[in-house]
Amino acid sequence: MRTQVAIIGGGPSGLLLGQLLHNEGIDTVILEAKTRDYVLGRIRAGVLEAGMVEMLNRAGVGARCAKEGLVHDGTYIAAAGRSFRIDFKELTGKVVTVYGQTEVTRDLYDAREACGAATIHEAEGVQIHGADTDAPYITYVKDGAEQRLDCDFIAGCDGFHGVSRKTIPASILREYEKVYPFGWLGILSETAPVSDELIYANNERGFALCSMRNPQLSRHYVQCPLTDKVADWSDERFWAELKARIPADAAARLETGPSIEKSIAPLRSFVAEPMRWGRLFLAGDAAHIVPPTGAKGLNLAASDIHYLHDALSRHYKDKDGQGIEEYSARALARVWKAERFSWWMTTTLHRFPDQSEFDQRMQEAELDYLESSRAAQTALAENYVGLPF
Ligand code: APR
Ligand code: PHB
């Protein structure tokens with residue numbers, strides 16, 4: 001089998017790239033290790049930057065998001081018994097849209113199936129060959145039979161645990177990582193959101209976040225030790241802890257109910273450089289991970305795909321190789337700024353097990369400055385709504 005662009009990974013990165021390229025008549029094949037249902041069963045992020053919404057519209061899959069997405073003009077920050085609002089719209093002229101990643105992925109899958117582009121699920125043992133030559137190809141196993149896919153380019157959209165990043169020689173690949181000493185326990189519940197916008201809470205008991213998916217579906221998180229297991233957290237214990245960490249008025253009106261999903265995720269910052277090796281490109285979680293505090297994971301995948309689509313489109317349509325040459329540097333410039341913001345939000349809002357009294361005072365000063373300074377609020381707002389692509 002042969003295609004122009006082979007895409008490894010049928011998550012948001014791979015699907016978005018595939019749709020943008022297909023819409024320009026560029027042939028793609030997506031190789032996905034799991035089933036469609038498994039991919040769509042993942043509960044992930046929920047806040048879309050304006051740039052991501054624009055990418056969905058450019059790919060022709062933005063209609064449901066426009067109809068069902070919740071536009072948020074700002075967010076609440078709670079700390080030291082007080083809460084204040086950051087008004088994104090007033091400070092930057094931009095807003096964010098709350099629309100689950102699961103729905104984004106579903107919309108992208110529906111579009112890909114509607115246009116008949118090839119997606120091979122349960123592709124096992126994917127291996128990349130000749131990425132540093134002019135004739136790269138992929139081998140994989142499907143239904144027990146060895147397959148080969150010849151291509152012009154390979155887009156590694158296979159996430160943090162995928163094969164693409166590991167294909168880049170260790171002598172070339174540079175990795176940067178910071179692991180945080182806590183996790184996030186998250187639940188999904190068919191209860192009304194506690195607030196019209198998100199509440200990020202820094203509390204002496206730990207961080208908490210009140211989010212949502214729609215007016216009948218809430219997504220809440222509490223910081224927890226890395227040693228905790230989901231079984232340690234009954235629904236009752238979760239709701240009591242969340243109430244103890246969020247402002248009293250929110251706690252008083254919080255609607256509780258059975259969790260329909262409950263999981264613990266570790267937090268890390270990670271970047272791999274370069275994001276290109278020969279004809280292999282890394283995009284999305286394959287190249288970088290951010291702690292979820294800044295809601296950047298899915299949105300960074302969008303900017304990578306913006307740059308990669310531009311590079312491949314210029315190659316095929318204009319025989320211009322400049323975008324390909326510049327891809328890694330362009331993508332990494334925005335990646336590192338999102339990594340900084342996500343690190344800053346995480347450091348400012350969480351309680352670190354080993355933090356000193358001085359660290360605590362720094363956190364309090366940071367939050368006090370944020371509450372009292374338009375410049376500080378503008379800095380948070382412009383990063384949260386998304387820096388330019
Ligand atoms: N072969 C084929 N597919 C693979 C392989 C492999 N060796 N390894 C992983 N995959 C698939 C996974 O099953 C997954 O569906 O690649 C896909 C990668 O999707 P994501 O992990 O969602 O990464 P990405 O598409 O970059 O989206 C980033 O997802 O994890 C969240 O927080 C992250 O919101 C961000 C978004
Ligand atoms: C979510 O709704 O899942 C969510 C929102 C904002 C974040 C992280 C997660 O910063």
Side-chain angles (χ1 to χ4, degrees), residues 6-18 29-49 52 70 72 75 77 96-102 104-105 108-109 119-128 138-142 149 154-167 184 186-188 193 197-200 207-214 217-221 261 263 265 267-268 270 282-305 308 338 341-342 345-346 349 384:
I7 300 173
I8 305 176
S13 297
L15 290 163
L16 181 58
L17 177 64
V29 172
I30 291 181
L31 297 173
E32 165 55 51
K34 304 293 186 184
T35 64
R36 183 185 194 277
D37 287 348
Y38 184 96
V39 174
L40 289 174
R42 293 182 183 125
I43 304 295
R44 292 276 174 72
V47 174
L48 307 187
E49 293 175 356
M52 176 64 175
L70 303 173
H72 283 197
T75 191
I77 306 281
V96 294
T97 302
V98 174
Y99 187 70
Q101 176 173 316
T102 308
V104 169
T105 308
L108 286 163
Y109 259 121
T119 304
I120 296 166
H121 286 103
E122 297 179 283
E124 298 172 327
V126 170
Q127 287 189 3
I128 296 167
I138 293 171
T139 56
Y140 64 97
V141 176
K142 173 68 177 170
L149 175 62
I154 300 170
C157 301
D158 47 349
F160 183 71
H161 300 289
V163 64
S164 298
R165 187 179 69 252
K166 297 164 189 160
T167 300
W184 276 19
I187 74 159
L188 203 58
E197 294 173 332
L198 273 56
I199 301 175
Y200 287 88
F207 168 82
L209 171 61
C210 294
S211 183
M212 64 200 74
R213 290 290 176 272
N214 63 50
L217 195 59
S218 292
R219 180 73 168 159
H220 300 299
Y221 301 92
E261 194 273 347
S263 53
L267 275 68
R268 78 169 58 162
F270 174 86
L282 303 183
D285 274 17
H288 42 72
I289 297 288
V290 284
T293 328
K296 291 292 158 228
L298 179 58
N299 295 299
L300 260 186
S303 48
D304 291 350
I305 296 308
L308 186 50
F341 175 67
S342 304
M345 284 280 276
T346 303
L349 293 172
Y384 198 94

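Residue numbers start at 1 and run along the sequence shown. Order of listing sets the numbers, starting from 1, for every ligand and every atom in it.
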Considering [options] one by one, which has a heavy atom nearer to [atom] than any of the others?
| atom | options | answer |
| --- | --- | --- |
| atom 3 (N) of ligand 1 | Ala301, Ala33, Gly297 | Ala33 |
| atom 24 (P) of ligand 1 | Ala295, Ser13, Gly9 | Ser13 |
| atom 34 (O) of ligand 1 | Lys166, Gln101, Arg44 | Gln101 |
| atom 5 (C) of ligand 1 | Ile138, Leu15, Asp158 | Asp158 |
| atom 19 (O) of ligand 1 | Gly11, Gly10, Gly125 | Gly11 |

Considering only the protein, which heavy-atom contact is closest to [atom], and what is its distance?
| atom | value |
| --- | --- |
| atom 21 (O) of ligand 1 | Gly159 CA, 3.8 Å |
| atom 13 (O) of ligand 1 | Glu32 OE2, 2.7 Å |
| atom 3 (O) of ligand 2 | Tyr221 OH, 2.6 Å |
| atom 33 (C) of ligand 1 | Asp285 OD2, 3.1 Å |
| atom 12 (C) of ligand 1 | Arg42 NH2, 3.4 Å |
| atom 8 (C) of ligand 2 | Pro292 O, 3.3 Å |

Can you tell me which portion of Leu298 lies within the under-4.0 Å heavy-atom range of ligand 1? Options are side chain, backbone, both, or neither. both
Side chain, backbone, both or neither: which applies to Ala286 and ligand 1 if a contact is any heavy-atom pair less than 4.0 Å apart? neither
For ligand 2, is any non-hydrogen atom under 4.0 Å from [X]'s backbone (N, CA, C, O), its side chain (CB onward), both, or neither?
| X | answer |
| --- | --- |
| Thr293 | backbone |
| Ser211 | side chain |
| Tyr99 | neither |

Nearest-0.5 Å distance, OH of residue Tyr99 to CG of residue Leu298: 11.5 Å
For the rings on His121 and Tyr109, is their centre-to-centre separation under 6.0 Å?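 Aromatic pair counts; centres sit under 6.0 Å.
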I'd like to know if Met345 contacts ligand 2, where contact means a heavy-atom distance under 4.0 Å to any ligand atom.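 Per 4.0 Å heavy-atom rule, Met345 does not contact ligand 2.
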Any side-chain heavy atom of Leu198 sitting closer than 4.5 Å to one from Val47?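 Yes, side chains in contact.
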Is there a polar contact, in the sense of an N or O pair closer than 3.5 Å, between Tyr200 and ligand 2?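 Yes; the residue has a nitrogen or oxygen that sits under 3.5 Å from a nitrogen or oxygen of the ligand.
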